[in-house]
Amino acid sequence: PFMRSLMESPFPAPGKTIKVKTFLPGAGNEVIELRRPMDSRLEHVDFECLFKCLSVRQIIRIFASLLLERRVIFVADKLSTLSSCSHAVVALLYPFSWQHTFIPVLPSSMIDIVCCPTPFLVGLLSSSLPKLKELPVEEALMVNLGSDRFIRQMDDEDTLLPRKLQAALEQALERKNELINQDSDSDSDDECNTLNGLVSEVFIRFFVETIGHYSLFLTQNEKGERVFQREAFRKSVASKSIRRFLEVFMESQMFAGFIQDRELRKCRAKGLFEQRVEQYLEELPDTEQSGVNKFLRGLGNKMKFLHKKN
């Protein structure tokens with residue numbers, strides 16, 4: 001009866017609620033309310049679980065490793081922890097998409113996959129840890145979600161991101177509870193949505209600061225096709241540390257897929273990231289918009305940006 005009632009209910013629009021009647025033996029009829037989040041991008045994302053399992057510093061290190069398409073293995077006692085944390089770190093990559101192997105919960109019978117030389121993000125139950133340690137795993141970041149520590153690491157995770165932006169990311173995330181308390185009310189669901197929105201905005205800001213000028217380097221060729229000017233894009237950045245980061249990041253499949261999507265689109269994308277980029281470029285002086293020189297600013301002094309509503 002519950003499944004029938006669910007299947008017969010109309011799929012709710014973003015932010016809307018549906019009521020589903022169900023019958024529980026011994027409890028009688030019950031009405032369950034299901035609400036769809038406003039932002040479907042974060043519909044199945046639980047940042048709260050991620051921050052309960054890991055410190056801000058560890059999360060940023062994992063984020064950096066995924067950005068550069070490394071191999072990452074999560075280890076936890078519970079299936080739900082593996083699933084929640086895996087989906088949460090992938091959501092941090094927006095507006096980019098993880099292009100490689102992604103198995104939030106890897107069955108122990110398939111553990112040999114971690115010996116694969118290509119990038120991956122997989123989750124393993126703690127019971128598989130002894131076997132994992134015996135395998136000839138190539139360079140990978142192994143994360144114990146139960147103890148907030150790295151089982152194995154490359155030892156350069158703190159140097160992958162531009163130094164000032166990494167410090168700003170850390171500062172913004174350390175202040176997340178303070179910012180949430182300023183806006184939250186007694187409704188715990190709204191508070192959860194606020195956490196998701198806040199964390200998402202912090203990482204979107206990181207990408208706005210590093211690649212927010214990409215649209216200025218999409219030009220049309222003689223055939224009318226949109227073409228991305230790669231070198232001009234990278235060299236336009238004044239910050240040496242961001243240029244070094246872009247040299248590596250621009251070689252990733254994530255970046256290639258993002259640019260290819262923009263080149264093939266007939267009309268300009270209007271997602272949340274593009275909205276933030278538009279706002280950012282409007283803040284710049286006209287003289288800087290054309291040359292895109294010296295326009296990258298630190299994230300740390302822009303906390304007020306996070307208070308803006310979508």
Side-chain angles (χ1 to χ4, degrees), residues 45 47 50-72 74 85 88-98 119 121 139-143 145 148-150 152-180 195-214 233-252 254-255 258 273 276-277 280 283 292 294-306:
V45 175
F47 286 133
L50 186 66
F51 282 94
K52 279 182 179 176
C53 293
L54 297 168
S55 65
V56 166
R57 188 184 180 197
Q58 301 289 65
I59 290 171
I60 292 174
R61 287 168 160 183
I62 295 166
F63 168 72
S65 299
L66 290 176
L67 262 191
L68 301 191
E69 297 184 331
R70 294 184 169 185
R71 290 176 282 278
V72 178
F74 282 167
C85 290
V89 294
V90 167
L92 297 179
L93 300 174
Y94 172 83
F96 299 92
S97 302
W98 181 250
L121 171 58
E139 296 175 335
L141 177 63
M142 298 183 186
V143 185
L145 296 174
D148 185 29
R149 68 181 184 87
F150 292 161
R152 186 188 297 179
Q153 59 188 351
M154 310 276 286
D155 294 324
D156 65 349
E157 286 84 3
D158 279 325
T159 63
L160 302 179
L161 302 180
R163 184 175 54 83
K164 288 183 179 179
L165 287 182
Q166 179 167 328
L169 267 178
E170 223 168 303
Q171 179 187 343
L173 293 173
E174 291 289 1
R175 289 187 58 195
K176 69 183 185 307
N177 292 335
E178 174 190 333
L179 292 169
I180 288 170
L195 173 66
N196 274 8
L198 180 73
V199 172
S200 177
E201 288 281 8
V202 169
F203 284 92
I204 286 174
R205 191 70 199 189
F206 170 84
F207 288 119
V208 166
E209 297 278 353
T210 50
I211 64 132
H213 58 303
Y214 82 92
F233 162 79
R234 187 181 63 80
K235 289 179 179 177
S236 68
V237 179
S239 165
K240 288 183 180 178
S241 63
I242 293 179
R243 276 205 310 273
R244 283 196 297 269
F245 165 75
L246 287 176
E247 281 178 14
V248 183
F249 181 55
M250 287 172 66
E251 297 302 315
S252 69
M254 270 190 294
F255 186 82
F258 173 85
F273 177 68
R276 294 292 177 258
V277 164
Y280 184 65
E283 295 170 5
V292 204
K294 300 179 181 178
F295 87 103
L296 291 172
R297 303 171 186 178
L299 173 64
N301 65 346
K302 289 186 173 290
M303 295 304 297
K304 62 180 184 295
F305 178 87
L306 301 176

Glu247: what forms a salt bridge (charged side-chain N to carboxylate O under 4.0 Å, His left out) with it, not counting sequence neighbours?
-> Arg234
Partners meeting salt bridge (charged side-chain N to carboxylate O under 4.0 Å, His left out) with Arg70 (sequence neighbours left out) = Asp156
Decide yes or no for [X] and [Y]: does some side-chain heavy atom of the first lie under 4.5 Å from some side-chain heavy atom of the second?
{"X": "Val143", "Y": "Gln58", "value": "no"}
{"X": "Ser252", "Y": "Leu67", "value": "no"}
{"X": "Val199", "Y": "Leu50", "value": "no"}
{"X": "Phe233", "Y": "Ile211", "value": "yes"}
{"X": "Glu69", "Y": "Glu251", "value": "no"}
{"X": "Tyr280", "Y": "Glu209", "value": "yes"}
{"X": "Leu169", "Y": "Leu161", "value": "yes"}

Partner set under side-chain hydrogen bond (donor to acceptor under 3.5 Å, both in side chains) for [X], not counting sequence neighbours:
{"X": "Asp158", "result": "Arg57, Arg61"}
{"X": "Arg149", "result": "Ser147"}
{"X": "Gln166", "result": "none"}
{"X": "Glu174", "result": "none"}

Just by modelled atom types, is the [Y] backbone N or O under 3.5 Å from a matching donor or acceptor in the [X] side chain?
{"X": "Thr210", "Y": "Phe206", "value": "yes"}
{"X": "Glu139", "Y": "Met154", "value": "no"}
{"X": "Arg152", "Y": "Met142", "value": "no"}

Counterpart residues, side-chain contact (heavy atoms from CB on, under 4.5 Å), relative to Ser241 (two or more places apart) | Pro162, Ser239, Arg244
State the CG-NZ distance between Leu246 and Lys235, to the nearest 0.5 angstrom.
-> 13.5 Å
Kindly compute the distance separating CG (Leu54) from CD1 (Ile60), expressed to the nearest 0.5 Å.
-> 11.5 Å
Looking only at non-hydrogen atoms, find the nearest pair between [X] and [Y] and report the distance.
{"X": "Leu93", "Y": "Met254", "result": "CD1-SD, 3.9 Å"}
{"X": "Leu173", "Y": "Phe51", "result": "CD2-CZ, 4.0 Å"}
{"X": "Ala238", "Y": "Arg243", "result": "O-NH1, 3.2 Å"}
{"X": "Cys53", "Y": "Asp148", "result": "O-CB, 3.5 Å"}
{"X": "Val72", "Y": "Ser65", "result": "CG2-CB, 4.2 Å"}
{"X": "Glu157", "Y": "Ala64", "result": "O-CB, 4.3 Å"}

Determine, stepwise, if the pair His213 / Val237 fulfils side chain to side chain contact (heavy atoms under 4.5 Å, CB included).
-> CA-CA 9 Å; His213 58 303; Val237 179; 3.5 Å; yes
By ring pair (Phe, Tyr, Trp, His ring centres under 6.0 Å) - contacts of Phe249 (at least two apart) = Phe96, Phe245, Phe255
Does atom CZ of Arg163 have more than 12 heavy-atom neighbours from other groups under 6.0 Å away?
-> no
Strictly under 6.0 Å, is that where the ring centroids of Phe63 and Phe203 end up?
-> yes
Does the pair Phe258 and Phe207 meet the rule for a side chain to side chain contact (heavy atoms under 4.5 Å, CB included), with working shown?
-> CA-CA 12 Å; Phe258 173 85; Phe207 288 119; over 6 Å; no
Does the side chain to side chain contact (heavy atoms under 4.5 Å, CB included) test come out yes or no for Ile62 and Phe74, once each step is laid out?
-> CA-CA 10 Å; Ile62 295 166; Phe74 282 167; 3.9 Å; yes
